[in-house]
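Fair warning: this is a prediction, and the values are worked out from it, not measured in the lab. In this chain, residues are counted from 1 in sequence order.
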Amino acid sequence: MKKLVFNFLLITVLFSLNLSAQYQPKDISKHDLKKAKEWVNQTYNSLSQDEKLGQLFIVALYTNKDENHINQIRNIVTNDKIGGLILMQDDAAKEINLVNEFQQKSKVPLMIGMDAEWGLYQRINTAHKFPWAMTLGAIQDKDLIYKMAAKIAEDCKRMGINWDFAPVVDVNTNPNNPIIGNRSFGSEVSNVTQSALSYANGLQDHNILAAIKHFPGHGDTNTDSHLDLPVVSHNLERLNKIELAPFKALMNKGIGGVMVAHLYVPSLESRKGIPASISKKIITDLLKDKWGYKGLIITDALNMGAVANKYKPGELDALAFKAGNDIMLFSQGVSEGKKLIQKAIDKGEISQARVEESVKKILLTKYFLGLNQYTPKNPENVNYDLNNDSHTKLVQNLYSNALTLLKDEKKLLPLNYNSTYYYIPLEEAPYQTFENRLKLDVKIIIKKASEINTIPANSTVIVGFHKDNSTAYKPYKISAESKKILADLTKNQNVILNVFGSAYALKDIDISKVSTLLVSYENNDDSMTATADAFRGKTIIPGKLPVLVNDQLKPGMGITLDPFKYSKSTEFTTSK
């Protein structure tokens with residue numbers, strides 16, 4: 001009888017353990033689940049209370065800061081027994097060496113995270129840059145997003161990273177959003193959800209944890225939460241329809257993490273000025289209890305001005321844990337936070353069972369990610385491994401599939417190599433890669449803005465709006481001077497307008513007399529190469545607009561142009 005009871009309890013624990021984390025490897029066997037359970041219980045029982053609380057914290061490691069910072073993190077890892085690190089800028093080899101050192105010193109393996117939405121380039125400038133989410137949102141074949149995420153997962157593994165804090169599932173309905181914008185897949189819930197699921201699966205199928213963010217939805221904000229607390233003032237009906245919708249749709253898809261934003265949402269939290277990241281109503285009552293989310297819940301960075309300016313280090317961590325978060329990210333006060341959490345446990349404000357729930361979730365996820373058997377990484381040749389021809393080929397294919405043709409009234413694309421074209425690069429960013437690629441088999445005469453009067457009437461003129469894309473947050477607006485030049489050209493020329501920047505740049509551009517309009521979304525060597533190849537008839541143009549720009553340019557718009565259907569395509573050379 002005792003044996004039956006024991007077996008029943010064992011099965012019950014196994015079953016509950018299985019459900020205690022949202023992510024687990026596909027096709028995991030019962031035997032492996034049992035081994036996972038044994039490792040989690042054995043590890044948990046071996047930890048002191050202080051060590052258990054340490055698992056709840058992730059701190060930031062910068063390799064572009066001085067040795068004092070490195071030593072500070074070294075002390076936190078050693079003394080506070082933290083659960084993980086988030087890698088920041090900027091030296092890949094140095095980060096690998098430090099992670100190897102810290103993993104060796106940790107009783108429990110560290111979870112290593114990074115913001116790598118557009119690949120490791122987001123933090124390591126020697127890595128290869130992948131497209132921003134807004135660009136990916138224009139791609140119709142979502143399997144390409146999966147392949148991109150799989151490649152990012154490969155790069156993460158190379159670095160010893162286990163958790164990519166991506167994808168963003170905010171629905172960007174506000175063109176003036178200062179912090180999301182290019183980081184969103186678009187303004188349509190279905191496109192955001194489908195794109196995000198492909199991204200998350202691409203990571204997790206290759207054993208890198210994903211995290212959908214920024215719950216409960218950062219897409220319609222005017223304030224940068226790194227600086228102050230944004231307010232999302234929509235009613236519950238609107239929130240359910242737009243902001244919350246992608247998160248709810250992804251709840252049962254096995255995604256391992258949800259990151260909670262520093263946003264004030266009055267319709268979800270009645271207490272004035274309380275951010276979602278420390279709201280029990282939003283995290284525990286809605287996300288965990290009502291929606292039944294079982295994965296890891298992590299705060300957005302606790303050093304951000306939206307919260308760091310209002311709460312003391314440690315105090316903020318305790319409030320976040322009390323609200324229902326499992327992990328406090330970018331903690332500014334680990335030891336203080338641990339003391340305050342323990343104080344709340346002693347007072348009966350937080351149960352020890354709640355600590356056990358979060359710590360076992362963290363441990364189980366670490367086991368599933370293979371951290372129970374950590375293998376040190378080799379820093380040699382890491383920069384090459386993160387940036388080589390395999391990256392270039394994939395990335396150019398992504399940009400090619402994102403290209404969106406919004407107008408082609410006079411059928412000016414693809415270009416004809418027997419004709420002569422004039423090219424006028426405008427705005428502030430480099431353009432030479434586009435020009436040089438076009439010149440492989442098309443006759444191009446470049447003109448400065450001051451020389452447009454020298455172009456013969458009825459010529460075909462390519463106008464490139466080349467915007468500075470050195471960060472995802474650069475302004476997309478087009479200057480008054482560029483607008484005037486475009487307007488003057490449309491009076492007596494056939495104009496092909498190409499936007500190497502956000503589609504939002506077209507918000508206040510008069511395109512009524514522009515014959516051909518293409519959006520490339522970004523201005524870099526890969527996007528310019530992909531665009532030039534499309535102009536030359538080497539690739540199909542298949543993208544669809546992912547955002548509402550204005551009354552004329554709406555989501556889903558885009559003309560699919562297949563140059564191989566035209567007899568004209570046989571006129572092109574095979575230059576590469």
Backbone of M251 reached by a side-chain donor or acceptor of Q22 within 3.5 Å | yes
Hey, does the side chain of K338 reach the backbone of D80 with a donor-acceptor pair shorter than 3.5 angstrom?
-> yes
Going by distance alone, is a donor N or O of one side chain under 3.5 Å from an acceptor N or O of the other, for [X] and [Y]?
X	Y	result
Y473	D224	no
K142	N191	yes
T173	R238	yes
S470	D468	yes
Q55	K366	yes
S527	E522	no
Y476	N469	no

Residue pair I362 / L56: nearest heavy atoms and the distance that separates them | CD1-CD2, 4.1 Å
Answer yes or no: is there an ion pair linking D285 with K280, defined by an N-O contact shorter than 4.0 Å?
-> yes
Would K52 count as a cation-pi partner of Y44, with NZ or CZ less than 6.0 Å from the six-membered ring centre and within 45° of the ring normal?
-> yes
